[in-house]
Amino acid sequence: MTENIKVNVHHVTRVEGHGNIVVDVRGGTIEKCELQIVESPRFFEAMLRGRPYHQASHITSRICGICACGHATASLRATERALKVKLSEQTIRLRKLVFHGEMLDSHILHVYMLVAPDFLGVGSVIPLAKTHPEVVKRALRMKQFAGDLCATFAGRHTHPIAMTVGGFTQYPSMTRVEELRERAEAMIADVDATVELFGTLPWPNFERETEYVALVQPDEYGFIDGMIASSDGYTLPVEQYRSVTNERLVPHSTAKHTAFNRDSYMVGALARFNLKHEQLHPRAKAAAEHLGLRAPCYNPFLNSAAQVVEIVHCVDDTIRLLDETLTRGITWEAPAPVTLSPGARGVGACDVPRGTLFHEYQIGEDGLIEEANCIIPTGQNLGNIDRDMRALVPKILTEPEDQIRLKMEMLVRAYDPCISCSTHFLNVEFVGK
Amino acid sequence: MATKPKIAFFDFTSCEGCQLTVIDLLQTHLGLLDLVEIVQFREAMSEKDEDYQIAFVEGSCTRKGDEARLLQIREQASMVVALGACAHLGGINALKNRWAIENVQTYVYGKNGKDAYESYPARPISAVIKVDAVIPGCPIDRYEFLRVVQLILQGRKPRLPDYPLCVECKLKENACLNTLGKPCLGPITRAGCNAICPTYGDGCEGCRGWHPEANFTYMREILRGHGLSDAEIDARFTMFNHYQFQHMGDEAPITTPISPAKDEPLPTSTFAAPKEA
Ligand code: SF4
Ligand code: SF4
Ligand code: SF4
């Protein structure tokens with residue numbers, strides 16, 4: 001049995017950003033077990049001060065290249081709530097389509113390129129392209145659809161162009177919408193194959209119950225707006241996000257940690273699944289069943305499985321929304337007007353691929369931003385990752401060092417941490433062996 | 001076949017959107033992997049090899065520790081390519097340069113944030129090392145990336161368009177936004193993105209930097225014609241090019257402060273700062 005072990009994984013690769021895992025066990029006791037964030041801080045909140053409100057969504061989409069549409073949407077919602085903008089039904093529907101495109105793009109990238117190589121026994125997606133070309137080709141095909149879905153309505157996935165305060169600056173032709181609808185249909189076979197593939201993977205057996213937090217909507221498994229819900233039984237309006245996130249500094253990370261009713265909580269696909277699985281489209285429910293995912297699920301490794309379930313859900317919901325758009329047609333609407341007033345405040349909340357994201361702005365009568373706050377999902381998950389690692393390490397201490405290292409990396413990767421947004425991530429450091 | 005050139009990707013302070021754009025390009029051009037050997041690409045792979053000839057560098061230099069890594073890359077690579085506006089211009093990251101570092105540290109992390117979160121004013125990588133080629137944009141245009149890689153592989157030097165964005169925009173037969181009352185920086189911006197923003201109904205924000213003949217006075221007149229205040233125009237000029245204007249000193253065609261003023265007080269707001277432990 002290993003009594004003393006020090007694991008240092010430097011720059012855990014295949015995670016967006018820079019982080020190190022440090023595990024230090026002496027005489028069988030855990031001295032240290034944490035995920036260190038070593039990314040350079042970027043100070044987005046500070047740079048928004050004094051900028052015109054209409055720049056906010058274009059500046060904050062640059063927080064993260066993967067969640068660009070998510071940041072843009074949360075930013076627009078914060079601005080729109082502050083400036084009392086009333087959105088049309090069409091704007092809300094088209095934004096959902098853009099959001100699904102990003103959800104799909106991000107989840108496909110994560111499960112296929114970052115998670116699957118661990119299970120298929122290759123170092124990364126590049127050798128995977130040699131050993132399992134059909135898998136990689138399928139992933140790229142699906143990702144391309146996702147990117148094109150964003151691009152059709154927003155111009156570009158990284159970084160969206162046509163989404164603006166109050167609506168859109170451009171609309172696609174119906175031919176492009178029809179073409180997307182056909183491609184969505186054709187994607188169903190790839191979605192089924194995805195569920196098949198991930199149904200065969202041996203997820204590590206590990207459970208730790210925690211608090212799960214997500215946005216909930218009355219009538220759908222949605223991602224934009226809603227109420228903040230916790231598995232501990234609380235539901236709050238998004239304006240009260242500060243009483244959920246309670247941000248604090250920790251010495252080992254450039255990202256702030258959060259805590260609600262316990263020491264830490266989890267956001268993201270698994271949290272959403274646990275809180276609102278009943279609202280999934282029927283095929284997504286069947287996929288969950290096939291993947292062995294049952295709510296409530298306390299195995300953080302299965303966050304990747306929940307992402308697969310959301311891939312199914314988003315494709316089906318995309319088809320529904322495209323059909324509605326084809327039936328109703330697209331009206332060329334000008335963006336809805338804003339009302340400026342002194343010290344206007346607004347909160348925008350979205351469930352982006354990695355979990356709940358909050359933006360809050362205060363905008364002056366001159367249209368310039370006076371105060372800004374952004375709370376990103378990975379920051380909310382960090383405290384929970386530390387606690388999962390601490391629970392996992394004693395269970396795997398007898399395994400060979402490279403196995404410990406791989407499991408720790410896989411755990412962190414399961415959370416899909418996007419560190420460039422919380423700031424950057426990953427490295428496992430075996431200290432003192 | 002001759003040995004494939006080894007290429008590596010590096011990221012500094014960035015959103016990683018340019019690297020992701022490269023991954024997006026592979027969706028349709030997987031054959032690129034037959035022409036080059038990727039030896040480092042943290043975004044997509046765990047493997048790492050320090051032996052490479054071409055380095056693509058994304059992100060700005062924003063702290064002391066970045067400099068050594070940049071110098072090391074320069075030492076190894078025979079060709080360094082700046083990937084995207086962060087590396088090329090400083091980009092969005094340089095918006096924080098408006099304030100002293102202590103100011104932004106305090107605003108985001110509270111009064112204990114000053115010591116813990118090392119940072120200095122954002123700079124393009126060319127402020128630290130010699131750069132051989134640039135792929136502009138925020139994010140890069142995937143087809144321009146492809147063109148540049150092809151040129152490099154043929155041993156030719158990539159050249160950027162030195163004419164304004166309006167040329168491309170006109171070729172696409174877009175209705176000009178500036179004539180429709182919507183501000184657009186196309187007249188001063190370097191072409192190469194196929195005028196993607198105006199094509200989607202939104203004015204150009206200058207993410208590719210200025211073309212050599214950019215006339216800021218004329219541009220300001222056009223924007224004033226839309227009823228924009230000088231402060232608003234400055235905000236548009238500086239969105240991606242804050243660093244460039246700062247380094248023009250008194251010559252900068254900007255009317256509002258873009259650098260920290262002496263004795264500017266630290267922010268007392270706790271709007272973004274966490275609770276003190
Ligand atoms: S240039 Fe833009 S897209 Fe590229 S890394 Fe920087 S912020 Fe991201
Ligand atoms: S829309 Fe912009 S880029 Fe296009 S022609 Fe007009 S000013 Fe030039
Ligand atoms: S149109 Fe302007 S802002 Fe948009 S990508 Fe091109 S250079 Fe950048």
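To find a chain, count down the sequence lines: A is the first, B the second, and so on, and within it residues start at 1. In what follows, every heavy atom counts, from backbone to side chain, and hydrogens, waters and symmetry copies are set aside.
Contact annotation for A:A162: both backbone and side-chain heavy atoms come within less than 4.5 Å of a heavy atom of chain B. Heavy-atom distances place no part of A:R141 under 4.5 Å from chain B, backbone and side chain included. Contact annotation for B:L30: only side-chain heavy atoms (C-beta onward) come within less than 4.5 Å of a heavy atom of chain A. Within the 4.5 angstrom heavy-atom criterion, only side-chain atoms of A:R51, from C-beta onward, approach chain B. With a 4.5 angstrom heavy-atom cutoff, B:C138 touches chain A via backbone and side-chain atoms both. Proximity to chain B (any heavy atom under 4.5 Å) is shown, for A:A146, by neither the backbone nor the side chain.
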Please table the atom pairs, donor to acceptor, closer than 3.5 Å between any side-chain atom in residues 163-170 of chain A and protein atoms at least two apart or in another chain.
{"from": "A:T169", "atom 1": "OG1", "to": "B:Y200", "atom 2": "O", "distance (Å)": "2.7"}
{"from": "A:Q170", "atom 1": "NE2", "to": "B:T199", "atom 2": "O", "distance (Å)": "2.7"}

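Remark: B:K182 does not engage B:D202 in a salt bridge, criterion side-chain N to carboxylate O under 4.0 Å. Between A:R62 and B:E16, none of the side-chain N atoms (NZ, or NE/NH1/NH2) sits under 4.0 Å from a carboxylate O, so this pair counts as no salt bridge. A salt bridge links B:R63 and B:D66; the closest N-O separation between the charged side-chain nitrogens and carboxylate oxygens is under 4.0 Å.
Between A:H71 and A:H159, the distance separating the two ring centers is not shorter than 6.0 angstrom.
Of the listed residues A:I161, A:I375, A:V136, A:T158, the one with more heavy-atom pairs under 4.5 angstrom with chain B than any other is A:I161. Ranked by heavy-atom pairs shorter than 4.5 Å toward chain A, the options B:G17, B:A235, B:S269 are led by B:A235. Your options are B:L33, B:T21, B:N103, and the one with the most heavy-atom pairs under 4.5 Å with chain A is B:N103.
Judged as a salt bridge (Lys or Arg N to Asp or Glu O under 4.0 Å), and not counting sequence neighbours, the contacts of A:K143 are A:D105, B:D24.
The OH atom of A:Y112 sits 10.5 Å away from the CG atom of A:L140 when rounded to the nearest 0.5 Å.
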